[in-house]
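These notes are about the structure you will find just below.
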Protein chains: 2
Amino acid sequence: MNGAESLVHTLLDGGVDVCFTNPGTSEMHFVSALDRIDGMRCVLGLFEGVVTGAADGYARMTGKPAATLLHLGPGLANGNANLHNAGRARTPVVNIVGDHTSYHRQHDAPLTSDVEGTARPFSKWVRTSRDANAVSRDGADAIVAARSPTAGVATLILPADTAWGEAVGPTEVPPPPARAIVDDKVITLAAEALRGPGPKLLFLGNAALLGDGLKYAARIAEATGAHLLAETFNPRFERGAGRLAVERLQYSISHALDTLGELSTIVLAGAKVPVAFFAHPGKPSVLLPQSCEVATLATPDEDIVQALAALADLIGARTDRKVEALEPPALPHGAITLPGLAAVIGALIPDQGIVVDESVTSGRGLFPATRNSRPHDWLQNVGGSIGFGMPAATGAAIACPDRKVLCLEADGCGMFTLQSLWSQAREGLDITTVIFANREYAILKQELANVGVPSPGPKALDLLNIGRPDLDWVGLARSMGVEAGRATTLEELADQLGRGLATPGPYLVELVM
Amino acid sequence: MNGAESLVHTLLDGGVDVCFTNPGTSEMHFVSALDRIDGMRCVLGLFEGVVTGAADGYARMTGKPAATLLHLGPGLANGNANLHNAGRARTPVVNIVGDHTSYHRQHDAPLTSDVEGTARPFSKWVRTSRDANAVSRDGADAIVAARSPTAGVATLILPADTAWGEAVGPTEVPPPPARAIVDDKVITLAAEALRGPGPKLLFLGNAALLGDGLKYAARIAEATGAHLLAETFNPRFERGAGRLAVERLQYSISHALDTLGELSTIVLAGAKVPVAFFAHPGKPSVLLPQSCEVATLATPDEDIVQALAALADLIGARTDRKVEALEPPALPHGAITLPGLAAVIGALIPDQGIVVDESVTSGRGLFPATRNSRPHDWLQNVGGSIGFGMPAATGAAIACPDRKVLCLEADGCGMFTLQSLWSQAREGLDITTVIFANREYAILKQELANVGVPSPGPKALDLLNIGRPDLDWVGLARSMGVEAGRATTLEELADQLGRGLATPGPYLVELVM
């Protein structure tokens with residue numbers, strides 16, 4: 001058994017049985033090991049941002065890491081933007097990167113690079129295997145690091161000779177750890193904070209938005225009069241009919257300050273203190289009043305649902321809020337508008353659909369319009385590095401082959417990782433992508449004004465315009481093997497979206513705005 | 001004047017008047033400064049790998065750096081693969097990266113990242129501006145660092161408040177320094193080495209392949225009986241009719257060992273000691289016999305042409321080798337073959353054409369078939385991180401608007417940075433791209449065997465196959481605004497290539513192999 005084989009066995013033992021990859025020469029022994037060992041599904045991406053974003057989407061839906069397999073420092077660099085997003089979403093990823101053979105590094109061949117240095121800014125755990133015998137132990141440690149309570153990206157670097165050298169057998173991987181239970185004293189402090197005077201907020205993030213989290217949060221809100229709100233961007237949200245709804249804090253600093261500006265108390269349940277996404281001149285970074293009391297009920301790494309249950313119990317909060325009824329919006333007609341496209345999507349989200357949302361400015365109306373849709377999961381770009389949507393949809397579809405994936409993608413974002421469509425075609429994934437083709441970086445126009453540039457001139461505007469020439473998304477999709485159609489009215493959107501969702505396999509709708 | 005404006009003035013003063021960019025919120029003040037100050041050409045890329053690769057191609061043809069403008073750590077990460085290539089080619093690049101406002105970093109907003117850590121592995125110079133007043137001085141230092149004799153990537157990180165804050169005026173940029181003159185003693189040692197017994201090689205790289213470098217090298221070869229050879233991958237090569245031809249060292253380790261295995265002496269003129277691109281089990285990393293004497297005439301950073309001239313003078317080498325005649329290959333007919341496609345390209349390279357070559361396995365026959373073509377420049381991927389070709393062609397066309405650019409691109413490589421085509425369409429660049437659509441990572445099949453995996457199974461082969469589904473490159477190009485056609489025979493290739501070269505603006509030929 002060589003090092004690569006010992007690693008593949010170890011990964012499988014640790015429940016890691018999907019590998020997203022774009023390999024190169026230094027990874028050939030790992031690729032070859034996949035041939036000889038059953039059990040690992042391999043998914044090729046034509047660019048590394050597809051690979052790492054897919055690993056993110058996959059793990060958000062399965063709760064367990066996928067492996068990636070990337071080629072040296074530059075290949076890893078190409079995957080780092082979506083690893084940033086995965087890290088911010090606390091998604092476990094076992095990132096495997098080949099490197100030059102140990103004895104070859106000193107010769108500074110053209111592809112020599114500082115792989116550890118490339119990994120460190122976007123990985124919470126980095127290790128280079130010293131020899132073939134170390135590989136399986138390192139692989140087990142990588143899995144443990146990735147899925148620890150402070151979950152994230154673990155990067156294991158394999159010099160080629162550690163993959164091809166003779167190795168001891170695989171290493172057993174311990175079962176995933178339970179999340180830390182929040183101490184009773186912390187629960188008591190949170191209860192006291194919620195008894196104080198003035199406006200109070202129970203601020204929810206991460207696992208608070210899954211399972212019974214919202215049920216307990218709503219009981220607490222009912223009993224204490226606290227307002228409920230979720231973070232602006234969330235890894236995964238269970239929503240729609242039969243679930244409890246909660247609004248998100250707005251992205252806009254002004255709107256967020258309107259919401260938070262009078263708070264006396266905020267209790268954080270899996271959320272962090274709300275801060276501006278970007279600093280704007282003359283506006284605060286922290287979006288709470290200075291006098292606001294901050295109590296942390298549970299960090300994102302702790303057992304948030306347990307903490308909410310214990311808090312509800314302590315304060316005797318037993319009144320359940322009514323779950324959302326199944327009342328999808330009626331299909332609207334006419335010209336494309338933000339409320340109109342949101343209503344079409346709200347009307348058509350399939351039962352147990354997985355919505356991957358990187359719609360940016362075009363998606364403003366989506367959240368309220370989908371409150372009473374069929375039950376679904378909602379995945380967002382938590383890290384803010386664009387090009388997340390289509391890769392994450394790819395991974396989510398691999399994770400959940402029996403569920404339909406709806407990817408809502410801004411055109412500017414989509415162009416960063418459009419190669420995803422080819423992987424969707426190759427794997428026959430049941431993903432319908434809607435491209436919001438407004439043909440500009442619309443959010444940057446707003447940000448220009450927000451940072452104090454109210455009237456941009458022609459050169460600045462040209463850099464925010466991606467419509468000269470217009471991108472033909474139907475053509476792009478078809479050229480990568482994905483059937484596609486164009487919608488220019490709300491009727492056509494309903495028709496195209498319905499067609500995509502009704503037929504198996506990938507489909508793309510270009511919504512011309 | 002704010003910090004951003006002081007930087008734009010400083011860049012222009014330093015001769016940096018093209019900015020390739022994909023900006024975000026933290027760069028909006030720089031974008032706005034471009035509006036108010038004349039003289040900077042701004043070119044938008046829809047992905048950062050396009051931006052940095054274009055800066056590489058631009059500087060290779062102009063000899064002076066372009067600026068880039070990138071968004072935070074993840075945006076920089078997306079550009080790092082082509083910065084790796086630029087660094088390996090010793091291309092000067094002034095890489096400007098926005099960051100969060102200084103006082104905002106502590107709050108760990110979603111896009112917070114270690115920008116300096118992201119820059120360091122792929123930049124030779126990294127600095128974060130401390131305040132608005134420091135920006136113009138830092139910009140001047142970045143230009144100096146980028147175009148110093150050890151040229152490469154200089155990354156200047158601008159926290160948003162250093163761009164919007166009030167600043168002193170621009171900083172004057174000193175003129176570019178001359179390359180270091182090689183010491184007479186070194187010339188003498190090289191002459192002595194070439195007088196020794198046994199097979200000798202004068203090994204050429206970098207500036208030895210430009211201007212009069214080859215003329216002097218050929219005189220030295222004539223006088224000493226030394227063999228002449230260029231490095232395998234070179235930033236820029238002046239070739240074709242009226243120039244002297246020189247072969248390159250082969251990529252294959254076995255072939256390289258056949259060439260170098262009996263050498264007594266190697267003299268390095270702007271080249272490094274030849275090493276394997278990747279280590280292969282049981283084969284050496286250094287491709288010279290242990291007994292081979294190594295003499296360095298000039299490092300890549302020194303004045304290589306001067307050193308060759310001085311050496312030729314010292315040994316009295318005055319016999320010029322005959323330059324290549326203008327004898328392009330005849331246009332061949334029939335099915336696509338490697339020699340056939342090379343002949344078509346050799347026949348049609350336009351006068352003063354710029355060839356950007358990332359053809360990988362499909363381009364094996366290109367070099368000999370273009371020896372007697374019309375005079376042209378040949379640019380290669382020196383760093384080995386794929387996705388170099390189409391971005392570099394974009395930059396070369398911006399650099400030389402009066403010359404035609406021919407981009408020879410392997411399909412696997414092309415998919416990494418296909419967004420380049422949109423920038424080519426937007427800017428109306430005179431680039432003809434030939435995509436070698438062999439629908440596989442053909443080189444990896446060979447590398448599998450080279451690293452000791454002679455008979456790959458179906459899973460491994462599937463990861464090296466990009467033809468399920470086939471990519472439609474004609475459709476991809478048209479969808480990004482670039483006219484395109486397909487060739488399945490040599491006649492069709494000649495017809496399509498001729499059409500692309502004859503008409504202004506971008507054109508793409510998908511060559512189905």
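If you're wondering where the values come from, they're calculated on a predicted model, not measured in any experiment. In what follows, chains carry the letters A, B, and so on, assigned in the order in which the sequence lines appear, proteins first and then strands, with residues in each chain numbered from 1. What's counted below: heavy atoms across the whole structure, side chains too, no hydrogens, waters or symmetry copies.
The candidate from A:Leu76, A:Asn80, A:Val50, A:Asn78 with the greatest count of non-hydrogen atom pairs under 4.5 Å with chain B is A:Asn78. No other option in A:Pro110, A:Cys42, A:Pro23 has as many heavy-atom pairs under 4.5 Å with chain B as A:Pro110. Contact tally against chain A (heavy-atom pairs below 4.5 Å) for B:Gly481, B:Ala77, B:Gly49: the top residue is B:Ala77. When A:Asp462, A:Asn381, A:Thr417 are compared by the number of non-hydrogen pairs under 4.5 Å with chain B, A:Asp462 comes out ahead. Counting heavy-atom pairs under 4.5 Å between each of B:Leu83, B:Leu461, B:Ile386, B:Asp472 and chain A puts B:Asp472 at the top. Here A:Gly383 is the residue among A:Pro456, A:Gly117, A:Gly384, A:Gly383 with the most heavy-atom pairs under 4.5 Å with chain B. No other option in A:Asp470, A:Val382, A:Leu448, A:Ile443 has as many heavy-atom pairs under 4.5 Å with chain B as A:Leu448. Most heavy-atom pairs under 4.5 Å with chain A, from the set B:Gly475, B:Ala477, B:Ala160: that is B:Gly475. The greatest number of non-hydrogen atom pairs below 4.5 Å with chain B, out of A:Thr101, A:Thr25, A:Val31, A:Val474, is found for A:Thr25.
The distance from the CG atom of A:Asn22 to the CG atom of B:Leu444 is 8.5 Å, given to the nearest 0.5 Å. Within the model, atoms CG of A:Leu44 and CG of B:Leu464 stand 8.5 Å from one another, a figure rounded to the nearest 0.5 Å. Going from atom CD of A:Gln106 over to atom OG of B:Ser285 covers 7.0 Å, rounded to the nearest 0.5 Å. The distance from atom CG of B:Leu476 to atom CG of A:Leu418, rounded to the nearest 0.5 Å, is 7.5 Å.
Residues A:His71 and B:Tyr441 place their aromatic rings such that the two centres sit no closer than 6.0 Å.
Shortest non-hydrogen contact noted between A:Ser385 and B:Leu111 is N-CD2, 3.8 Å. Minimum heavy-atom separation, B:Thr21 to A:Leu463: CG2-CD2, 3.8 Å. Shortest non-hydrogen contact noted between B:Val453 and A:Ser32 is CG1-OG, 3.3 Å. In this structure, A:His84 and B:Thr112 approach most closely via the heavy-atom pair CE1-O, 3.5 Å. The shortest heavy-atom contact between A:Met415 and B:Gln419 is O-NE2, 2.8 Å. Considering every non-hydrogen atom in both A:Asp108 and B:Arg88, the closest pair reads OD1-NH2, 2.8 Å.
With contacts defined as side-chain heavy-atom distances shorter than 4.5 Å, the pair B:Thr118/A:Phe122 qualifies. Put simply, the side chain of B:Pro469 reaches to within 4.5 Å of the side chain of A:Trp422, judged on heavy atoms.
Heavy atoms of B:Asn450 lying under 4.5 Å from chain A are absent altogether. Both the backbone and the side chain of A:Asn465 have a heavy atom closer than 4.5 Å to some heavy atom of chain B. Contacts between A:Asn85 and chain B at a heavy-atom distance below 4.5 Å are absent for every atom of the residue. Both the backbone and the side chain of A:Ala279 come within less than 4.5 Å of a heavy atom in chain B. For B:Arg426, the parts sitting under 4.5 Å from any heavy atom of chain A are the backbone and the side chain alike. In this structure, chain B has a heavy atom under 4.5 Å from the side chain of A:Leu72, while its backbone stays farther away. Proximity to chain B (any heavy atom under 4.5 Å) is shown, for A:Pro281, by both the backbone and the side chain. For A:Trp164, the part sitting under 4.5 Å from any heavy atom of chain B is the side chain, from C-beta outward, and nothing else. Neither the backbone nor the side chain of A:Phe233 comes within less than 4.5 Å of any heavy atom of chain B. Neither the backbone nor the side chain of A:Asn82 comes within contact range of chain B; no heavy atoms are under 4.5 Å apart. At a 4.5 Å heavy-atom cutoff, the contact between A:Ile37 and chain B is made by backbone atoms alone.
Partners of B:Lys445 according to the side chain to side chain donor-acceptor pair (under 3.5 Å) rule, which considers only residues two or more places apart in sequence or in another chain, are B:Glu440. The side-chain contact (heavy atoms from CB on, under 4.5 Å) test applied to A:Arg41 returns A:Val18, A:Val43, A:Ile398, A:Glu427, A:Leu429, not counting sequence neighbours.
B:Glu447 contributes no side-chain N or O that, together with a main-chain N or O of A:Gly24, makes up a donor-acceptor pair within less than 3.5 Å. Between the side chain of A:Arg36 and the backbone N or O of B:Gly457 there is no donor-acceptor pair closer than 3.5 Å. Without hydrogens or angle criteria, A:His104 side chain to B:Ala276 main chain gives a donor-acceptor distance under 3.5 Å. Counting only distance, with no hydrogens or angles, the side chain of B:Asp35 and the backbone of A:Ala460 share a donor-acceptor pair below 3.5 Å. Here the side chain of B:His107 pairs no donor or acceptor atom with the backbone of A:Val273 at under 3.5 angstrom.
Between B:Phe416 and A:Phe47, the two ring planes are perpendicular [angle over 60°; tilted spans 30° to 60°].
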